[in-house]
Amino acid sequence: MDKGIVIIDFGSQYNKLIARRIREADVYAEVVPCTMPLEEILSKNPVGIILSGGPSSVLQENAFVIDKAVYEQGIPVLGICYGMQLMAHQLGGKVQKGVKGEYGRSQFHINYKSSLFHNIPQKFDVWMSHFDEVAATPEDFVVIGKSGIEIAAMQNEDKKLYAVQFHPEVYHTQHGTEILHNFVFNICQAEKNWKLENFVEHQIAKIREQVGDKNVILGLSGGVDSSVAGVLLQQAIGEQLTCIFVDTGLLRKDEAAQVMETYGKEMNMNIVHVDAKEDFMQALSGISDPEEKRKIIGRRFIEIFDREAEKLDNVDFLSQGTIYPDVIESQSVKGPSATIKSHHNVGGLPEYMKLQLVEPLRELFKDEVRQVGEALGISKTQVMRHPFPGPGLGIRILGEVNAEKIEILQNADAIFIEELRNAGWYEKVSQAFVVLLPVKSVGVMGDERTYAYTAVIRSADTTDFMTATWSRLPYDLLDKISSRIINEVPGINRVAYDISSKPPATIEWE
């Protein structure tokens with residue numbers, strides 16, 4: 001790394017968002033685990049260090065820490081949430097359990113001049129997520145802001161040490177990006193040294209080095225992530241790549257035919273089409289638990305890949321379109337991040353998998369993947385397609401999955417997407433889909449009483465897919481969608497609209 005920002009991972013769900021915000025400003029940023037020795041961190045020549053948030057308490061016996069010498073290097077340090085508490089704790093301040101937690105939106109008041117808050121209004125909304133709080137600052141620190149607690153930000157400007165209790169990296173925090181920019185540019189004096197094109201060049205070289213003369217199989221779903229991964233791999237290794245499209249029976253309506261037409265015929269990619277519908281239906285029979293469903297689907301994918309790989313020569317690698325939100329919500333890859341859910345590309349992989357993984361997009365967020373896709377020459381229509389989870393409709397049918405429910409959901413989802421496109425809303429929202437609940441309710445159609453399923457339509461707006469808000473779709477459009485689904489899809493007699501944000505909800509239901 002050349003004079004960038006190092007983010008120390010203490011387990012926050014949002015730690016990679018910090019890096020993303022900084023990279024948006026064309027400055028290189030890298031996330032490293034809190035277990036990395038200080039000497040190794042300093043060898044990266046950082047112009048600034050950020051201590052991330054985390055789910056733990058500094059008061060715990062085995063709390064995550066970092067070498068205290070980090071504060072004496074003359075390198076600016078910014079502590080965020082847990083990072084603030086750790087800085088206070090290690091430098092002689094006092095951290096205590098709060099009387100009550102502070103979660104979600106809170107109003108922050110600047111009460112002391114600070115270069116961290118240069119050109120920031122005195123009062124603004126921030127996103128909080130903490131129970132512990134700093135009760136007393138370390139010596140030579142001053143309090144520079146308060147919220148529901150008296151010490152919500154502090155600094156020792158002489159030593160270039162700064163800390164905030166809120167999360168400036170999330171979009172819910174007003175002026176959060178400006179605060180990070182103040183730290184990066186005004187305090188750290190960082191230079192603009194990062195472009196996404198650099199990522200493409202680096203990954204192509206990295207893929208060639210990792211793969212050598214071996215062959216790679218890619219799980220191509222037709223979605224944005226696997227498509228971009230496929231084109232990137234094709235540019236890196238050409239004919240060494242074979243794409244495998246698995247028809248799980250859990251795909252969107254007519255998806256299999258569309259994938260083979262687009263990528264097999266139009267883009268002339270080498271694709272093996274595997275019809276595995278019966279395999280997946282049998283494996284999921286009687287299973288209702290969402291984690292178990294995800295892991296079953298993940299294991300079945302890998303078994304199929306292993307089986308198909310044996311039919312090919314010299315295949316040692318499996319590539320996937322895993323992106324960072326998949327990783328960070330599944331397990332800690334570079335630090336102790338708290339597990340939110342297992343992702344089929346991450347938490348569902350069995351230990352006995354025969355193939356080595358190639359995941360060229362695992363450091364990127366969805367919007368960055370789209371930028372890479374356009375840089376690689378993929379059409380905007382394909383690049384802007386909404387995400388579709390690897391487990392597919394298996395996690396959009398709550399409870400047990402069967403053929404009847406799949407057909408019902410496919411038809412309802414197709415209507416929803418069609419109406420969004422017709423109304424010009426498809427590209428305005430980030431992800432839209434229908435969920436089928438394991439709940440039936442009474443309805444009336446004509447003169448007959450019905451007892452049918454409830455469908456929930458979900459539309460979310462987001463940039464990074466780590467946080468999201470629900471889409472404010474027009475009432476007339478919602479009315480039309482609901483009417484069409486109820487009238488045209490046998491098996492559904494009630495439609496609801498999900499108005500939950502992430503957090504506290506997730507975008508998918510399972």
Test item: Cys34 and Val65 side chains (from C-beta on) under 4.5 Å apart, heavy atoms: no
I'd like to know if the side chain of Glu400 reaches the main chain of Leu284, judged simply by a donor and an acceptor atom lying under 3.5 Å from each other, with no hydrogens or angles considered. no
To the closest 0.5 Å, what do you measure between CG (Asn182) and CG (Asn119)? 7.5 Å
Under the side chain to side chain contact (heavy atoms under 4.5 Å, CB included) test, which residues partner Glu40, sequence neighbours left out? Met36, Pro37, Ser43
Restricting to ring-ring contact (aromatic ring centres under 6.0 Å, His included), what partner residues turn up for Phe280, sequence neighbours left out? Phe301
Tell me whether Lys160 at atom NZ has more than 12 heavy atoms from other residues, nucleotides or ligands lying less than 6.0 Å away. no
For a side-chain contact (heavy atoms from CB on, under 4.5 Å) with Leu393, tell me which candidate from Leu409, Val401, Val434 qualifies. Leu409
Partner set under ring-ring contact (aromatic ring centres under 6.0 Å, His included) for Trp470, not counting sequence neighbours: none
Asp67 (side chain) donor-acceptor with Val70 (main chain) under 3.5 angstrom: no
With sequence neighbours excluded, residues passing side chain to side chain contact (heavy atoms under 4.5 Å, CB included) with Ala135: Lys94, Gln96
Roughly how far, to the nearest 0.5 Å, is the CG atom of Asp289 from the NZ atom of Lys293? 8.5 Å
Taking the six-membered ring of Tyr14 (Phe, Tyr or Trp), confirm whether the NZ or CZ of Arg20 is under 6.0 Å from its centre and within 45° of its axis. no
side-chain contact (heavy atoms from CB on, under 4.5 Å) with Trp509: which of Ile397, Val456, Leu436? Val456
Across all chains, not counting sequence neighbours, the ring-ring contact (aromatic ring centres under 6.0 Å, His included) partners of Tyr112 are none
Under 3.5 Å, which donor-acceptor pairs link side chains of residues 78-92 to any protein atom two or more places apart or in another chain?
| from | atom 1 | to | atom 2 | distance (Å) |
| --- | --- | --- | --- | --- |
| Tyr82 | OH | Phe64 | N | 3.3 |
| Tyr82 | OH | Phe64 | O | 2.5 |
| Gln85 | NE2 | Asp132 | O | 3.1 |
| Gln85 | NE2 | Gln165 | OE1 | 3.3 |
| Gln90 | OE1 | Tyr71 | OH | 2.7 |
| Gln90 | NE2 | Ile66 | O | 2.7 |

Under 3.5 Å: donor-acceptor pair, side chain of Thr467, backbone of Lys502: no
Partners passing side chain to side chain donor-acceptor pair (under 3.5 Å) against Ser288 (at least two apart in sequence or in another chain): none
Would you indicate whether the side-chain heavy atoms of Cys188 and Phe183 approach each other to under 4.5 Å? yes
With a 4.5 Å cut-off on side-chain heavy atoms, are Asp498 and Val435 touching? no
For the backbone of Glu510 and the side chain of Arg294, can you confirm whether one donor and one acceptor N or O come within less than 3.5 Å of each other? yes
So, using side chain to side chain donor-acceptor pair (under 3.5 Å) as the criterion, who are the partners of Glu157 when residues are at least two apart? Ser115, Gln155, Tyr162
Measure the OG-CD1 distance between Ser459 and Ile499 for me, rounded to the nearest 0.5 Å. 13.0 Å
Side-chain donor or acceptor of Arg208 paired with backbone N/O of Ala236 under 3.5 Å: yes
Look at the side chain of Thr173 and the backbone N and O of Trp127, then say whether any donor-acceptor pair between them is shorter than 3.5 Å. yes
Above 12 or not: heavy atoms from other molecules or residues under 6.0 Å from CD of Gln60? yes
Do Leu357 and Phe317 touch side chain to side chain, with heavy atoms closer than 4.5 Å? no
Would you call Lys159 and Glu72 a salt bridge, taking side-chain N to carboxylate O under 4.0 Å as the test? yes
More than 12 heavy atoms of other groups within 6.0 Å of Lys428 NZ: yes
List for me each residue that meets side chain to side chain contact (heavy atoms under 4.5 Å, CB included) alongside Thr137, sequence neighbours excluded, and say none if there are none. Phe141, Val143, Ile151, Met154
If you measure from the Lys or Arg side-chain nitrogens to the Asp or Glu carboxylate oxygens, is any gap between Glu30 and Lys44 under 4.0 Å? yes
Could you walk me through whether Phe166 and Phe108 pass the ring-ring contact (aromatic ring centres under 6.0 Å, His included) test, one step at a time? CA-CA 9 Å; Phe166 59 86; Phe108 181 83; 4.9 Å; yes
Do you see a donor-acceptor pair shorter than 3.5 Å between the side chains of Asn156 and Asp140? no
Is it true that Asp26 and Lys195 make a salt bridge, defined as a side-chain N closer than 4.0 Å to a carboxylate O? yes
Donor-acceptor pair, Asn193 side chain versus Tyr28 backbone, under 3.5 Å? yes
Can you tell me how far the CD1 atom of Ile22 sits from the CZ atom of Phe185, to the nearest 0.5 Å? 9.0 Å
As an exercise, state the distance from CD of Glu169 to OG1 of Thr177, rounded to the nearest 0.5 Å. 10.0 Å
Ignoring hydrogens and geometry beyond distance, is a side-chain donor-acceptor pair present between His175 and Glu178 at under 3.5 Å? yes
Gln431 side chain to His386 main-chain N or O, any donor-acceptor pair under 3.5 Å? no
Mark yes or no for whether Thr248, through its side chain, and Leu250, through its backbone, hold a donor-acceptor pair below 3.5 Å. yes
Is there a side-chain contact between Gln107 and Lys123 in this structure, where contact means two heavy atoms from C-beta onward sitting under 4.5 Å apart? yes
Should the pair Arg299-Glu303 be classified as a salt bridge under the 4.0 Å nitrogen-to-oxygen rule? no
Suppose we screen for side chain to side chain donor-acceptor pair (under 3.5 Å). Which residues come up paired with Thr462, at least two apart in sequence or across chains? none
Check: Asp225 and Phe388 side chains under 4.5 Å, non-hydrogen atoms: no
In Å, rounded to the nearest 0.5 Å, how long is the span from CD1 of Ile49 to CD1 of Ile8? 6.0 Å
Would you check if the side chain of Arg370 reaches a backbone N or O of Val383 as a donor-acceptor pair within less than 3.5 Å? yes
Report yes if the side chains of His172 and Asp125 come closer than 4.5 Å at any heavy-atom pair, otherwise no. no
Give a yes or no on whether a salt bridge exists between Lys295 and Glu292, defined as a side-chain N under 4.0 angstrom from a carboxylate O. no
Do the side-chain N and O atoms of Ser221 and Ser226 include a donor-acceptor pair separated by under 3.5 angstrom? yes
Looking at residues at least two apart in the chain, or sitting in another chain, which of them share a side chain to side chain contact (heavy atoms under 4.5 Å, CB included) with Leu376? Val200, Val228, Val231, Leu232, Gln235, Val372
Check side chain to side chain donor-acceptor pair (under 3.5 Å) between Asp461 and all other residues, then give those that pass, not counting sequence neighbours. Ser471
Using the rule side-chain contact (heavy atoms from CB on, under 4.5 Å), only one of Ile7, Val77, Val32, Val6 pairs with Pro46; which is it? Val6
Side-chain heavy atoms of Ile179 within contact of Leu116, under 4.5 Å: yes
